[in-house]
Every structure is written in C-alpha cells, then in structure tokens.
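Since the structure comes first, as structure tokens, the remarks are kept for the end.
Residue numbering restarts at 1 for every chain, and letters A, B, ... go by the order of the sequence lines.
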Protein chains: 2
Amino acid sequence: MVTKQAAELRALTEGRGNAFDPDCPTRVVLDRIGDKWTVLVIGALVDGPRRFTALRQHIGGVAPKVLTQTLRAMERDGLLTRTVYAQVPPRVDYALTDLGASLGGPIAVLTDWAELNVAKILAARDEFVAQEA
Amino acid sequence: MVTKQAAELRALTEGRGNAFDPDCPTRVVLDRIGDKWTVLVIGALVDGPRRFTALRQHIGGVAPKVLTQTLRAMERDGLLTRTVYAQVPPRVDYALTDLGASLGGPIAVLTDWAELNVAKILAARDEFVAQEA
DNA sequence: GTCCCATAGTAACCACTGGTAACTGAGCAC
DNA sequence: GTGCTCAGTTACCAGTGGTTACTATGGGAC
C-alpha cells in the first residue's frame, strides 16, 4: 500500500505517467478505456443524456447487470453523472461530464482505425487458420 | 462540449457499419484493442523488434502465460510477426507488422489522454469515496 | 562426466469477472 | 388484485487473468 501510494505520488509529481510501470495509475485509465462497454457508453452519450433503458437499447447486447457496473465505474471515475428522479416508475438520467466528453476524441480515432482495418484483421485471422490446417 | 470530435464519433457509430450492432466485426477489433496488454505490447515494439524476455521486462507486471496469450492473439490478427531461431538457449523475436505499427498512432492518442487525465480521474475517485463516507 | 545456467515458454491451480435468466419494489390503471 | 413500467438486484455459471512451479535444450564451469 505504501509503495503504491509512493508510486502514484511520484508519477503525479513527474507530471506524466509511464504506462509501462505496473504501479503507474495510467494503467488504471487504460483498464477503464479498455472496457469495451465504456467505449460504447461514451459513444452513446455524446449526443446528450440518456436513460438506462435507452442506453440498453442503443448498445446492443449488453446485460443490465454489466451496464450498471459499467455506469457506476464511470460515475466513480468522473466520466459521467447519474441523476435520479424520485418518480414511479423510476427515472435515471446519465450524462457525460466534460472529462467524459473529452474522451470522445481519442475514442473516435480508435474506432476510425477499427473501421478501416477490420477487413485486414479478419483476413489475417482466416489466413492463420488456413495455415494451421 | 459537443464539438467536431463528437460529430466525428457520431458519424462513425451511426454511419457505416456501426459498433453498436453486437454482430458488427468492429466489436472484434475493439476487444483486441481493449486488452490492456495489447496496447502495451504495441508501445513496447514501436521502436523495433524485441525478444520475449525483453518484452517481459519492459512491460512491468505481466505474467509469462498472459504475455504468450497476448502475443499469439496479436500474431493471429496480423499485428506482429514471431520469428523463432533454432538456438539454445532459444531466441524468439517479435516485431510489428505494418498493420500493427499503424495502430501506434491511435494508441498514442489514447495513452496521451490517459497520462494527461490520470490526476482528474484519481481526484474524482477520491471525491466519490469521500462522499460515500 | 556432472552441475548449473539462460531462454521461452507450459502446467496446474485459483480467484475474479463477464454473462444469463429470473426476480424485486413502488405506484398507477384497470 | 392483477398487470404494467423502469431501473435495477440476485443467484448462478463459465471463461479468463493471474500466480507459482515446472520443462526442454545445449553450452560452459568444475
């Protein structure tokens, strides 16, 4: 614990993290971004706030439990806000914070690459399978 | 807040083959990129080929089994090449392909964001913990 | 000859997480 | 009192990530 805090402090005081240091908190950020649902939630919220069920419908194939986990983690990390209205039936709005919205750029770059290179990756995969056989 | 970047992301996700469709192969690419070790391996190889042990040392905290899994998956997807020299002790070089190297740009954007925003995320996390208590 | 070393993994095992299906609670309409 | 909506929760299961220990091979030291 002490060493971890020291590493975080060092990384922060140096101004920049080093993702290759296992104790560097940048790893934490990469883990969060690495979660595919986080990426899709950011994409689903760039247009504005959405409710829980709307998110579920917009992001195909996500189970409610997993969506809840993702949203809570993102709220904890300051990427979005969760607003509960005391109504029945309940209403909960999710909206990106400035920090969360600022992630949209890097994610767009990534999804752009993905769109452009899906074919190459699938081709490599097919070829590899063919070689194995 | 919602700017050109947001519009870009929206165009990507709602226009041509979108990542919100659970059956879209873009999901496959996001899963691969989402693996934190993949990101670090790309980062470790942009300067040139490395051997297995060199990768292990450069990327702190990775278990050999997991590194092997990651490297095999990346080889399968055409992101890197694996060259075995019939020597004793064994020597295996890993090098990025053009496809793998082209991922360096998007990943650099992402890690830049991560390193710049680590402090904000940790602050949000601390505040959240404080509010809970 | 025997012992030890380095490299690039594998094997066995465990814990945690991601995913599925079913259930909850609160008020309102019927 | 039955059913409807929304936003989850609960119980459960499989797969994955991670840890530690072990392996194969030949070269050099003794």
Side-chain angles (χ1 to χ4, degrees), chain A residues 3-4 19-24 27-41 44-45 49-77 80-95 132, chain B residues 19-24 27-41 44-45 49-77 80-95 132:
Chain A
T3 55
K4 190 175 180 182
F20 293 112
D21 177 357
D23 291 326
C24 175
R27 285 274 179 96
V28 169
V29 180
L30 284 181
D31 280 351
R32 176 117 323 289
I33 297 170
D35 180 20
K36 73 177 169 187
W37 299 121
T38 297
V39 172
L40 294 172
V41 167
L45 289 179
R50 278 179 195 265
R51 301 177 62 173
F52 187 86
T53 304
L55 280 172
R56 257 187 86 180
Q57 287 166 353
H58 191 74
I59 304 172
V62 62
K65 189 191 77 167
V66 179
L67 183 56
T68 300
Q69 286 174 348
T70 303
L71 291 170
R72 293 288 153 81
M74 291 175 70
E75 184 193 9
R76 185 171 51 100
D77 289 347
L80 54 76
T81 58
R82 180 171 175 271
T83 309
V84 182
Y85 298 90
Q87 300 176 357
V88 170
R91 174 199 176 101
V92 180
D93 278 359
Y94 292 94
E132 292 290 291
Chain B
F20 293 111
D21 177 359
D23 293 327
C24 175
R27 284 272 179 100
V28 170
V29 180
L30 284 181
D31 280 350
R32 176 115 322 286
I33 297 170
D35 180 20
K36 73 176 169 186
W37 299 122
T38 298
V39 172
L40 294 172
V41 168
L45 290 179
R50 279 178 195 266
R51 301 175 60 174
F52 187 85
T53 305
L55 279 172
R56 257 187 87 181
Q57 287 164 352
H58 191 74
I59 304 172
V62 63
K65 188 190 77 168
V66 179
L67 183 55
T68 299
Q69 286 174 348
T70 303
L71 291 170
R72 294 289 152 82
M74 291 174 70
E75 185 192 7
R76 186 173 50 101
D77 288 349
L80 54 77
T81 58
R82 179 171 175 271
T83 310
V84 182
Y85 298 91
Q87 299 176 356
V88 169
R91 175 198 176 99
V92 181
D93 277 0
Y94 292 94
E132 293 289 291

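Here the C1' atom of nucleotide D:dG15 and the CG atom of B:Asp35 are 15 Å apart, to the nearest Å. Rounded to whole angstrom, the span from the NZ atom of B:Lys36 across to the P atom of C:dT17 amounts to 12 Å. Atom pair B:Asp31:CG and C:dG18:P shows a separation of 12 Å (rounding to whole Å applied). Between the CD atom of A:Gln87 and the P atom of D:dC4 there is a distance of 21 Å, given to the nearest Å. Summarising the geometry, the separation between CG on B:Leu55 and C1' on C:dA8 is reported as 12 Å, rounded to the nearest angstrom. Between A:Leu30 atom CG and D:dG17 atom C1' there is a gap of 17 Å when expressed in whole angstrom units. Separating the CG atom of B:Leu71 from the C1' atom of C:dT10 is a distance of 15 Å, rounded to the nearest angstrom. Between the CG atom of A:Leu40 and the C1' atom of C:dG18 there is a distance of 15 Å, rounded to whole Å.
At C:dG9, none of the side-chain N or O atoms of B:Arg91 fall inside 4.0 Å of OP1 or OP2 (strictly under the cut-off). A close approach under 4.0 Å does not occur between any side-chain nitrogen or oxygen of A:Arg51 and OP1 or OP2 of D:dC6. A close approach under 4.0 Å does occur between a side-chain nitrogen or oxygen of A:Thr53 and OP1 or OP2 of D:dA7. Distances shorter than 4.0 Å separate some side-chain N or O of A:Arg82 from OP1 or OP2 on D:dG8.
When the nucleotides D:dG8, C:dG9, D:dG18 are ranked by their closest atom to the side chain of A:Arg72, D:dG8 comes out on top. The B:Pro89 side chain lies nearest to C:dA6 when the options are C:dG19, C:dA6, D:dG8. Counting only heavy atoms from C-beta on, B:Val92 has its side chain closest to C:dG9 among D:dG18, C:dG9, D:dG8. Comparing C:dA8, D:dG18, C:dT10 by their nearest atom to the side chain of B:Pro64 picks out C:dT10. Between D:dG18, D:dG8, C:dG9, one nucleotide has an atom nearer to the side chain of B:Trp37 than all others, and that is D:dG18.
Each of B:Lys65 and A:Gln69 was assigned the nucleotide of DNA chain C with the nearest heavy atom; the assignment lying further toward the 5' end belongs to B:Lys65. In terms of position along DNA chain C, the nucleotide closest to A:Val62 lies nearer the 5' end than the nucleotide closest to the other residue of the pair A:Val62 and A:Pro90.
In terms of heavy atoms, B:Ala73 sits closest to B:Arg32 at CB-NH2, 3.6 Å. Between B:Leu80 and B:Val41, the shortest heavy-atom contact is CD2-CG1, 4.1 Å.
Annotation: side chain of A:Leu67 is not in contact with side chain of A:Trp37 (no heavy-atom distance under 4.5 Å).
Residue A:Tyr85 is classed as having no contact, given no heavy-atom separation below 4.0 Å to the nucleic acid.
When atom types are taken as modelled, the side chain of B:Arg82 and the backbone of B:Leu71 share no donor-acceptor pair closer than 3.5 angstrom. A donor-acceptor pair under 3.5 Å links the side-chain atoms of A:Arg50 to the main chain of A:Ala44, judged by distance alone.
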